[in-house]
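A quick write-up on the structure given underneath.
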Amino acid sequence: MADKSKGQKLQEQLSYTKKNYFELADEKERKEIFEYAEGYKHFLDQAKTEREACDVSVEMAKKKGFTEFRFGDKLKAGDKKYFINRGKSVVVFRVGTKNVEEDGLRIIASHIDAPRVDIKQNPMYEDAGMCCLKTHYYGGIKKYQWTAIPLALHGAVVLKDGKKIDLRVGEDAGDPVFYIDDLLPHLGGDQMSGHANKIIEGEQLNVVVGGLPYADEDVKEKIKLNVLNLLNEKYGICEEDFISAELSAVPAFPARDVGFDRALIGAYGHDDRVCSYPALTAVLNQDSAHTVLAMLVDKEEIGSEGTTGIQCKVYEDLMEEISIALGANFRKVRAASKCLSADVTAAYDPNFAGVYEKMNSAMLSCGTCMSKFTGARGKSGSNDATAEFVGEVRKMFADYGVIWQTAELGKVDAGGGGTVAKFLAQLNIDTVDLGVPVISMHAPYELISKADLYSNYKAFLAFMA
Ligand code: MN
Ligand code: MN
């Protein structure tokens, strides 16, 4: 190879360019990238709802010797703990050797809820040979994308006597699936000329759950009765029990490799399991001198509300309890703490180039993506991390050899979005957004790169180092 010219060398030294992580990784690292993806796909298939993600994470933590933490418990350096919030969110943490008043907490905050179609509280009806469940969608979805695909039903039903039934139908090979119908194109002329927001409306997202009539001439809604009877025989459920249920229809597809070269993964719910799985595994797998927390929270997709969303005081209480258990002043602890708000961003999509600004877009396979700010219309609703903190994190990544990139979500005024970052920042904790670029975010089947997944994991290891 010819020697580089003076200008070429200078350019290399002074210019910033994003690089494809697959291209930079040597054979050993490529192997690690692909191996890590196998564990992730397995996690995705087991954990399609926040309840399942919480359960699976706790099981994984237990296997690594983590034990449950309750408020008031004592803590010491080296302790490995998990804290469960209502079975819908979990914080897994390690107590480090460093003084927590000086060093603070190292927090990786991600979410385990994902957009989906929730079953209403009085959902069941029969019409035209079908029994259906009425729904109210959860999170920002394009409603038309959720029709004519196989769906699974996941969730919990609390019966009259208080007993809780866990339900999961449509995932195993022998299971039936469920279905939301769409109109045939032959009759879809009017529908297709309408606004995409209206071609399937909220009240049309009804899930087909049966078609077999109960054998009794004297009964009116025979198909509905037959489904109710099946549910009652199998789970002890009556129609009234839907009132105290959280049932969700989610895509029944498993996570699959995408492409001849298997570089990408297609799956439901990459947002935000593609960050929560790396956060969890980083804290489970690697010891740290810092006290590190992987927060896997609920309700991000609807504004981080409720008792399981990050705005709930329980997470602040947990940090305070950890501080008290270590004999530290909580105000000093949080002032010294640092947080990566681990959530996905939009990958640049050449099919829709118009909504992106290419220089400041996340490119697939160029590594996990830092967003100094999110928000919309002039950074509104954004955390907007300080240059100092971004500089600090940047150095952590450089020291650890993380391949990563920086971006905004879309071009200015094209739209925008928010994350949990601002809620952690409110606690006086330096926070910046970091996460994997996703193609077709919030669709029933989203796309990510295995390189970005692994880069995200390495970024969290760097943050804990
Ligand atoms: Mn998200
Ligand atoms: Mn989202």
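Position 1 is the first residue of the sequence; numbering continues from there. In listed order, ligands and their atoms are each counted from 1.
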Below 2.8 Å, can you find an N, O or S atom of [X] next to the Mn ion (ligand 1)?
{"X": "Glu300", "value": "no"}
{"X": "Cys275", "value": "no"}
{"X": "Glu301", "value": "no"}

Between Arg94 and Asp79, is there a salt bridge with N-O shorter than 4.0 Å?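 Not counted as a salt bridge, because no side-chain N and carboxylate O are separated by less than 4.0 Å.
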Nearest to the Mn ion (ligand 2), which N, O or S atom of Asp271 do we find? OD2
Determine whether the side chains of Glu50 and His111 contain a donor N or O and an acceptor N or O closer than 3.5 Å.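 Per modelled atom types, Glu50 and His111 side chains form no pair under 3.5 Å.
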Please determine if the Mn ion (ligand 2) has an N/O/S atom from His442 lying under 2.8 Å away. yes
Kindly say whether the aromatic ring centers of Phe93 and Tyr82 come within a distance under 6.0 Å.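 Ring-ring flag for Phe93/Tyr82: false, centres at least 6.0 Å apart.
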Run the ring-centre check on Phe71 versus Phe83 and record whether the distance is less than 6.0 Å.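 Ring centres of Phe83 and Phe71 closer than 6.0 Å.
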Run the side chain to side chain donor-acceptor pair (under 3.5 Å) test on Tyr40 and His270 for me, step by step, so that the C-alpha distance in whole Å, both residues' side-chain angles and the decisive distance to 0.1 Å come before the verdict. CA-CA 10 Å; Tyr40 172 55; His270 282 310; 2.7 Å; yes
Among the N, O or S atoms of Asp343, which one sits nearest to the Mn ion (ligand 1)?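 Asp343's closest N, O or S atom to the Mn ion (ligand 1) is named OD1.
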